[in-house]
Amino acid sequence: MTAMISGEGTLLAPPPDRGVKSPICNSFLLKGERPASHRGLRREESPSQSPARPRTSKASAVRREELKCLEMVLQRSCRKEDMVSAYLRRAHHLEPAGKERIFCFDGPDEHIRRALLAQEPPWVENQMATSKIFHLKWTVSDCEDDYRYLQEGMLFNHFQRNRELTTKVGLTNNLRRFSCEGPVDVDRFFPRSYDMSSASEVQDFVLDFRRCAALGVLRQHLRLANWAEERRRLMEHLNMDGVVDGSCYVCNVNVLRIAVKAMLHWLEDLDGTFFEDEDQRLGARPHLYTQEWDALVCYSELTDAELCGEDGEERKRKQRGSYSASGMAIPSPTRSPWRGARAENHQRWPEFYQHHWGEPPANLRQHAEETLKLLEARWPQISAQGPMNVWVVKPGSSSKGSGVLCMDSLPEVLHHCKTTSNRIVQKYIERPLLLFSGRKFDLRQWVMVRSFRPLKVYMFSSCYLRLCNEPYDLGDLENRQRHISNWSVNKRGKHVSDGAVASLDEFQEVLEMMTGQRSYWEEELIPQLRTCIVQTLQAVQPNIIQRSESFEVYGFDFLIGEDLKPWLLEVNLSPACESRTAWMSEMLERMASRLVEVLQQGDAFTSDGRAPDWHLICDEGPEDGAFSEHPATSPVAPAHSEEPQTCRREAGTELADVWGQRALNLTLLGKSVSRRFLRRLDQIWRRNEAQTTIAALWRGWALRQRMRQERWRMAGVVYHRCRQRAWLNLLRLGLFQHRR
């Protein structure tokens, strides 16, 4: 369909094809007039639109087609400067005054639409979401085509390659790289996560699971040993020496020694100074074999009641796939000691063959206490470790809690990640803060990034709590409504009430009751959240494509531990904002209206004195990081100075003194360098590069092999055909001679 321009410069619509009745070509938009049925009626009173589903009705589809045809005509007939005014005049019958703004909207965030329509002068909505005539475009997701047509003066609510931040895989890899390259220790706010699509990551996860099992064994032993000692003292005090105590604690001495050995290995890996003189320590570190790890992991699955000989509920043990208890692959699919039914007496399990059960030596308990104290001082994530070794398996790129499972069995985790692709395994925070009748919750914090280079971040001063439907229980990991707080998981629960959310004011009241400080949220938690947000954005900063026309609103999910320490769980793209309660609707309207003002005013945006509001938490100007000094106080002499050599030497001495004083005032950041850790990273990098190279070489070799086989096959076909033709010729010749 093409457009025609008359001699007077007026725009004419092309005539419809013969035999086809097109309502678009005869549309009132292209003719520049309004139909009589719509005159004098407002948009919501139009009889052609269905009030129930205005976006899926037939009239809305025809309307979008009309706008699409109008945009095609304007792009061919108008200049870019006049396109907006022509669009307003023909599509919305508005006489442009130069201040009108057009926005495209495609998503469920109706509070953003209402905020734009409430501005003065009000914004005009372009109902075609794929239109290129807009000043602001708001969509749920993005694609590569959305960035090709961005021009100066256009705003788009996404950054290119934002999946580096909003997917579990991208966030995990970027935070790990940022921790290795910079002085930031991400283990202080981000739980340990592993990408199960990488073979080296799988090995690291298996080692981490085993070490956590060793930590749980030592903690359980110290707890039960103290309990048994107190029970013995009580019986001695009551003169009950002759009474037989059937609930005595019996431990596996061999497993406890293995656990202490594993903890010592762990402490050596955490301490960088241990490997500074590594040549003298070769051979000094004992090795742990697979049978020892199997016994350790199996022992960590025993409950307190089983170790004390009491009747209690046994923990469900799931052995799926061809894996041993410690994650070692079993080559034979036949029945093995690790699979099948277990004996009722755990001391007869095959993993504990020839192990000694009884009272541990006194020095063993002392070693266990010392190693735990050292681990608490050196490892920042020990507060996340609970009585069970629970891990969360998440899809690498999904949202709304889909596919998220909690598991405490290493074979089950490995089997699940082997049968399903693109999985992230993250350490489960087993000691969360519980509120509202013992329910787990997390914080949803809105963050708006206006620029990545330089980094400019706004944080909304209010947030809300997302609650689980049922009370928290580590013994019931299959019930997702006890452990996952996403609204898509809990909205169909039996105990859901008030939208499964709580306000920040309620949370502050609980914090005041717990800490006795009324301003604990502002003085303690807010600075930690800001630091976590800024460092997370700095981690993905090199991989995000910076555009001055782009901005984005993210939803940071935080979990508060029982020690009131925040943990970052994930970052959400286009966070869902549903008005479930009255106070939440009011907060959304406030957030959306102030967000539009931030985008319009830019650097001139200031607070209006009302709360909540957007606050600037990071602004890296173009001059940040650059050294600038006033020329009057600069110790460096001019380039064309005619001073004698002695003066130059004095200037050099002064320069050295100045820089020496500055060096003395510097502060050391980060953690000590570990040669083993760096060598481990180098091995991982070399292994990944080797895997990539081998895969590329194998693909090339396989292709060449197939081509060689195909050439041999074709050569064989040609040879047989030539041979047949030769035999036929010989036969014909022989027959001919025979007849003669």
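As the structure is a computational prediction, the values presented were derived from the model and not from experiment. These numbers come from the heavy atoms of this one structure, side chains and all, not from hydrogens, waters or symmetry mates.
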### Query
Shortest non-hydrogen contact from Met154 to Lys132?
CE-O, 3.5 Å
### Task
Determine whether Met459 and Met448 make a side-chain contact, defined as any pair of heavy atoms from C-beta on separated by less than 4.5 Å.
no
### Task
Show your reasoning for whether side chain to side chain contact (heavy atoms under 4.5 Å, CB included) applies to Phe605 and Leu616.
CA-CA 10 Å; Phe605 174 78; Leu616 184 65; over 6 Å; no
### Message
Does any part of the side chain of Val501, heavy atoms only, come nearer than 4.5 Å to the side chain of Leu467, both counted from C-beta?
### Response
no
### Query
Near Arg686 CZ, under 6.0 Å, is it more than 12 heavy atoms from other residues, nucleotides or ligands?
no
### Query
Taking 4.0 angstrom as the limit, do Arg444 and Asp557 come out as a salt bridge?
yes
### Task
Decide if atom CG of Asp603 counts as having more than 12 heavy atoms of other residues, nucleotides or ligands within a radius under 6.0 Å.
no
### Message
Between Gln508 and Glu522, is there a side-chain donor-acceptor contact under 3.5 Å, judged purely by atom types and distance?
### Response
yes
### Message
Whether Asp208 and Arg211 form a salt bridge (side-chain N of Lys/Arg under 4.0 Å from carboxylate O of Asp/Glu) is what I want to check.
### Response
no
### Minimum heavy-atom distance Leu410-Gly327, with the two atoms named
CD2-N, 3.5 Å
### Query
Would a distance-only check, ignoring hydrogens and angles, find a side-chain to backbone donor-acceptor pair under 3.5 Å from His158 to Thr139?
yes
### Query
Between Leu477 and His483, is any pair of side-chain heavy atoms under 4.5 Å apart?
yes
### Query
Is a salt bridge present between Lys456 and Glu620, judged by a nitrogen-to-oxygen distance below 4.0 Å?
no
### Message
For the backbone of Pro191 and the side chain of Ser193, can you confirm whether one donor and one acceptor N or O come within less than 3.5 Å of each other?
### Response
yes
### Query
Taking side chain as C-beta onward, heavy atoms only, is Tyr554 less than 4.5 Å from Val449?
yes
### Query
Do Gln160 and Glu144 have side-chain atoms, one donor and one acceptor, less than 3.5 Å apart?
yes
### Query
What are the two closest non-hydrogen atoms of Ser461 and His615, and how far apart are they?
CB-CD2, 3.5 Å
#### Entry: Exercise: identify the closest heavy-atom pair between Ser200 and Ser198
OG-OG, 3.1 Å
### Query
Taking it one step at a time, do Asn126 and His135 satisfy side chain to side chain contact (heavy atoms under 4.5 Å, CB included)?
CA-CA 10 Å; Asn126 188 346; His135 294 93; over 6 Å; no
### Query
Is a donor on one side and an acceptor on the other found under 3.5 Å between the side chain of Asn174 and the backbone of Glu164?
yes
### Task
Decide yes or no for Leu455 and Gln538: does some side-chain heavy atom of the first lie under 4.5 Å from some side-chain heavy atom of the second?
yes
#### Entry: Atom of Gln445, atom of Ser462 and distance for their closest heavy-atom approach
NE2-O, 3.7 Å
### Message
Looking at Arg177, I'd like to know if its CZ atom is crowded, meaning that more than 12 non-hydrogen atoms belonging to other residues, nucleotides or ligands lie closer than 6.0 Å.
### Response
yes
### Query
Among pairs that include at least one residue of residues 165-192, which meet ring-ring contact (aromatic ring centres under 6.0 Å, His included), considering only residues two or more places apart or in two chains?
none
### Query
Is the shortest distance from a Lys or Arg side-chain nitrogen in Asp106 or Lys137 to a carboxylate oxygen in the other one below 4.0 Å?
no
### Sole candidate of Phe551, Tyr147, Tyr149, Phe103 that passes ring-ring contact (aromatic ring centres under 6.0 Å, His included) when paired with Phe156
Tyr147
### Message
Nearest 0.5 Å, please: how far is CG in Leu595 from CD in Gln600?
### Response
10.0 Å
### Task
Apply side chain to side chain contact (heavy atoms under 4.5 Å, CB included) to the pair Cys212 and Arg192, showing each step before the final yes or no.
CA-CA 12 Å; Cys212 291; Arg192 306 183 306 283; 3.3 Å; yes
### Task
Without swapping roles, check the side chain of Thr419 against the backbone of His416 for a donor-acceptor pair under 3.5 Å.
yes
### Message
When you measure from the side chain of Arg423 to the backbone of Ser421, do you find a donor-acceptor pair of N or O atoms at a distance under 3.5 Å?
### Response
yes
## Note on the structure
To the nearest 0.5 Å, atom CD of Gln203 lies from atom OH of Tyr194 at 12.5 Å
### Query
Lys394 side chain to Ser402 main-chain N or O, any donor-acceptor pair under 3.5 Å?
no
### Message
With a 4.5 Å cut-off on side-chain heavy atoms, are Ile382 and Trp379 touching?
### Response
yes
### Message
Distance check, rounded to the nearest 0.5 Å: Leu569 atom CG versus Lys168 atom NZ?
### Response
10.0 Å
### Query
Looking at side-chain heavy atoms only, is the closest gap between Val425 and Cys417 below 4.5 Å?
yes
### Message
Can you tell me how the ring of Phe558 sits relative to the ring of Phe556, calling it parallel under 30°, perpendicular over 60° and tilted otherwise?
### Response
parallel
### Query
Between Arg590 and Asp608, does a salt bridge (charged side-chain N to carboxylate O under 4.0 Å, His left out) hold up when you go through it step by step?
CA-CA 12 Å; Arg590 173 67 176 174; Asp608 58 355; 2.8 Å; yes
### Message
Can you confirm whether Glu552 sits close enough to Asn157 that some side-chain heavy atom of one is under 4.5 Å from a side-chain heavy atom of the other?
### Response
no
Show every donor-acceptor pair shorter than 3.5 Å between a side-chain atom in residues 525-533 and any protein atom, with sequence neighbours excluded, or say none if there are none.
residue: Gln528; atom: NE2; partner: Glu524; partner atom: O; Å: 3.1
residue: Thr531; atom: OG1; partner: Pro527; partner atom: O; Å: 2.9

### Task
Give every residue pair that meets the ring-ring contact (aromatic ring centres under 6.0 Å, His included) criterion with at least one member in residues 441-461, sequence neighbours excluded.
Phe159-Phe452, Phe441-Phe507, Trp446-Phe460, Trp446-Tyr464, Phe460-Trp614
#### Entry: Between Asn486 and Ser488: side-chain donor-acceptor atoms closer than 3.5 Å
no
### Message
Whether Arg163 and Asp142 form a salt bridge (side-chain N of Lys/Arg under 4.0 Å from carboxylate O of Asp/Glu) is what I want to check.
### Response
yes
### Query
Between the side chain of Arg113 and the main-chain N/O of Phe105, is any donor-acceptor distance below 3.5 Å?
no
## Note on the structure
One should read off an interatomic distance between Leu568 CG and Leu171 CG, to the nearest 0.5 angstrom, of 6.0 Å
### Task
Could you give me the CA-CA distance, side-chain angles and deciding distance for Leu267 and Arg378, then say whether side chain to side chain contact (heavy atoms under 4.5 Å, CB included) is met?
CA-CA 8 Å; Leu267 290 173; Arg378 297 178 184 178; 4.0 Å; yes
### Message
Ignoring hydrogens, what is the shortest heavy-atom contact between Ile112 and Ala592? Give both atom names and the distance.
### Response
CD1-CB, 3.7 Å
### Task
Give a yes or no on whether Lys418 atom NZ has more than 12 heavy-atom contacts from other residues, nucleotides or ligands under 6.0 Å away.
no
### Task
Keeping the roles fixed (side chain from Ser593, backbone from Glu589), state whether a donor-acceptor pair exists under 3.5 Å.
yes
### Donor-acceptor contact below 3.5 Å, side chain Asp146 vs main chain Cys143
yes
### Query
Looking at CG of Leu155 and CZ of Arg547, how far apart are the two atoms once the value is rounded to the nearest 0.5 Å?
13.5 Å
### Query
Hey, what do you get for CD1 (Ile429) to CD (Gln381), rounding to the nearest 0.5 Å?
6.5 Å
### Query
Quick check: does any side chain N or O of Arg466 sit under 3.5 Å from a backbone N or O of Leu443, one acting as donor and the other as acceptor?
no
